[in-house]
Peer 1: 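Here it is, the structure, as structure tokens.
Note that these values count all heavy atoms, side chains included, but never hydrogens, waters or copies made by symmetry. Quick note on labels: first sequence line is chain A, next is B, and so on, each numbered from 1.
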Amino acid sequence: MTHPADIAPRVPRPFVARALAHPSFLLGGAIALVVAAMALLSFVWTPHEAGAIEIARKLRPPSTEHWFGTDQFGRDVLSMIMRGAVTSMAVSFVAVGIGVGLGVPLGLLAAARRGVLGEAVMRANDFVFAFPALIIAIMLRDVFGPGAVNAMVAIGIFNVPVFARLAYGAALPLWTREFVMAARVAGKGGALITLEHILPNMLNLLIVQATVQLSLGILAEAALSYVGLGVQPPQPSWGRMLNEAQTLMALAPRLALIPGTAIVLTVLGLNLLGDGLRDLLDPRLARER
Amino acid sequence: MLAYVGRRLLSLAVTLAIASAIVFTVMEILPGDPAEVMLGTNARPDTLAALRAQYGLDRPAPERYLAWAGGLLQGDMGLSYTYSVPVTQLVAERMWVSLPLALIALTLTTLIAIPVGALAAAKRNSATDVGVMTATQVGIAVPNFWFAMLLVLVFAITLRWLPAGGFPGWKAGAWPALKALVLPAVALALPQASILARVMRSSLLDTLGEDYVRTARAKGLTRAQTVRRHALRNALIPVLTIMGLQFSFLLAGTIIIENVFFLPGLGRLVFQAITQRDLIVVKSVVMLLVASVVVVNFLVEVGYAAVDPRLRRRV
């Protein structure tokens, strides 16, 4: 026997209810929150002064005083991890900012104008793909000096074509929709239509992609700092902690295991969050599972 | 098809020309005088001038660009400031480490990703599928250089099966050389394979939903036969594209991994050149890497068009 309620059209559940029932969104969001909280907390409190060198207490194993132990310079590993989260987050946030700030307007412009200008913008973007962030960082190293800014700019430039392509691809079909036609008939110009109708309709896509690029940025920052092209001492960075741990792999593998795990968890968390957001914000994009 | 390849070749040439101009310009605005680096800050002005003249550093920038770019086209990368040997010779030596490493890593990636992705798609929603998806999710999040360190910890330091770093050279025999490349190649391959396996899975799932697959099933083929004979090949097309795009990440990864294992490849060369301010080496190696990415993607696109005639109309 069929209950009438089963036949009635299904009312979509509110966003919050769906979000709370989505495992990867929850798990990813929780991890991202913990990392963000850890980074924020490090501004006001770390168990020990982050990066303070004290040779007398070098290479201590984990204890109640030093939860993750100390490194070869006697620095407290937990404090370094907390402050390193700031570096990771700051670099990849700014890099995403550069990517969104330059890429989205370029993509929107290419979609609004099409023709030669649109073609030129998209061709230029294809071209940037030939330069991986590492190559850009190598080339720019002496322009900005090795440091956080170099990493931000290198990863940021790499992000530009990603967002330009996304905005372009999302805007093109929108331009053929009825509500854009209506706006045109009402006498609105290209810029106004883009701002009022095109951009708001692709916000979801941009948020999802920003999450993905954030996680890629954290991986890239770690790699750049590892090879010495990113953040410089004494500013703590997970990538550089791994570099410094390398010669001590046989003696104190924990010095490599802890920062590496921090990177993996953060990236994993952001990727899960991105997958969750993709499902929640746009069911049509939900990947096959 | 010929017209298409011609058009693509033309755009390839333009891309390479612009890329070389950008690389040259960026290197040009870098502070620091190579002549001073070579001779030290106490060098006499006339010695400096003589050295600049010897390396052509006193000529105007456009002229030097043309000389450099023209040289590249003829396989001449100039003379290294620090080693005083042709850059081409340095690159050729290092290539024998980097190229085999990249190729082994690429082969491993393909050999792992395609069967694993296909298996997950064929057994969709099974425990195998969930396991593959979880493992690849983690695999994507692992930085390859950290994974390399873990491999060293397990297989070099603890088990002592493989060397922790260094390269004996191919003259020491193929086996010791290959042994030195195993861990670096695995470290490069696994994160890449995680991405590719996911692409393979979703691509095969898409193909399995196509009408011709239903027809194949309807005419009596088993599910396994359908996957093997019809779906698999078509599913490989997007996988190829992603592999082309992944190539640039593979190169960047090779450069970093060479630093983990102290392998004397292009990556080590470029980092040594940076610290020694041997800009001609940096410039030429960077250009070589960029060119190889562009050429690989060109080959993928042309290969793609050869398989699928519909793509030839687009430029």
Peer 1: For each of Val267(A), Asn243(A), Val264(A), tally heavy-atom pairs with chain B at distances under 4.5 Å, and name the one with the top tally.
Peer 2: Val264(A)
Peer 1: For chain A, which of Val138(B), Ile157(B), Val130(B) has the most heavy-atom pairs under 4.5 Å?
Peer 2: Ile157(B)
Peer 1: For each of Ala133(A), Pro259(A), Ala223(A), tally heavy-atom pairs with chain B at distances under 4.5 Å, and name the one with the top tally.
Peer 2: Ala223(A)
Peer 1: Do the side chains of Arg75(A) and Glu244(A) get close enough for a salt bridge, i.e. N-O under 4.0 angstrom?
Peer 2: yes
Peer 1: Relative to chain A, which segment of Val285(B) carries a heavy atom at a distance below 4.5 Å: side chain, backbone, both, or neither?
Peer 2: neither
Peer 1: If you count heavy-atom pairs under 4.5 Å with chain A, which of Val270(B), Ile274(B), Val294(B), Asn259(B) comes out on top?
Peer 2: Ile274(B)
Peer 1: Checking Phe249(B) against chain A: side chain, backbone, both or neither under 4.5 Å from a heavy atom?
Peer 2: side chain
Peer 1: Need one label for Val282(B): side chain, backbone, both or neither, based on atoms under 4.5 Å from any heavy atom in chain A.
Peer 2: side chain
Peer 1: Regarding Asp275(A) and Gln137(B), is there a side-chain donor-to-acceptor distance under 3.5 Å anywhere?
Peer 2: yes
Peer 1: Tabulate, in ascending numerical order, the residues of residues 209-222 of chain A having at least one heavy atom closer than 4.5 Å to a heavy atom of chain B, or enter 'none'.
Peer 2: Leu219(A), Ala222(A)
Peer 1: Select one option (side chain, backbone, both, neither) describing which atoms of Ala164(B) are under 4.5 Å from chain A's heavy atoms.
Peer 2: neither
Peer 1: Return yes if a side-chain donor-acceptor contact under 3.5 Å exists between Arg198(B) and Thr136(B), otherwise no.
Peer 2: yes
Peer 1: Less than 4.5 Å to any heavy atom of chain A: does that hold for the side chain of Leu251(B), its backbone, both, or neither?
Peer 2: neither
Peer 1: Just so I understand: if I count every heavy-atom pair under 4.5 Å between each of Thr266(A), Ile263(A), Leu257(A), Leu229(A) and chain B, which residue has the most?
Peer 2: Leu257(A)
Peer 1: Under a 3.5 Å cutoff, is there a donor and acceptor pairing between the side chains of Ser284(B) and Trp68(B)?
Peer 2: yes
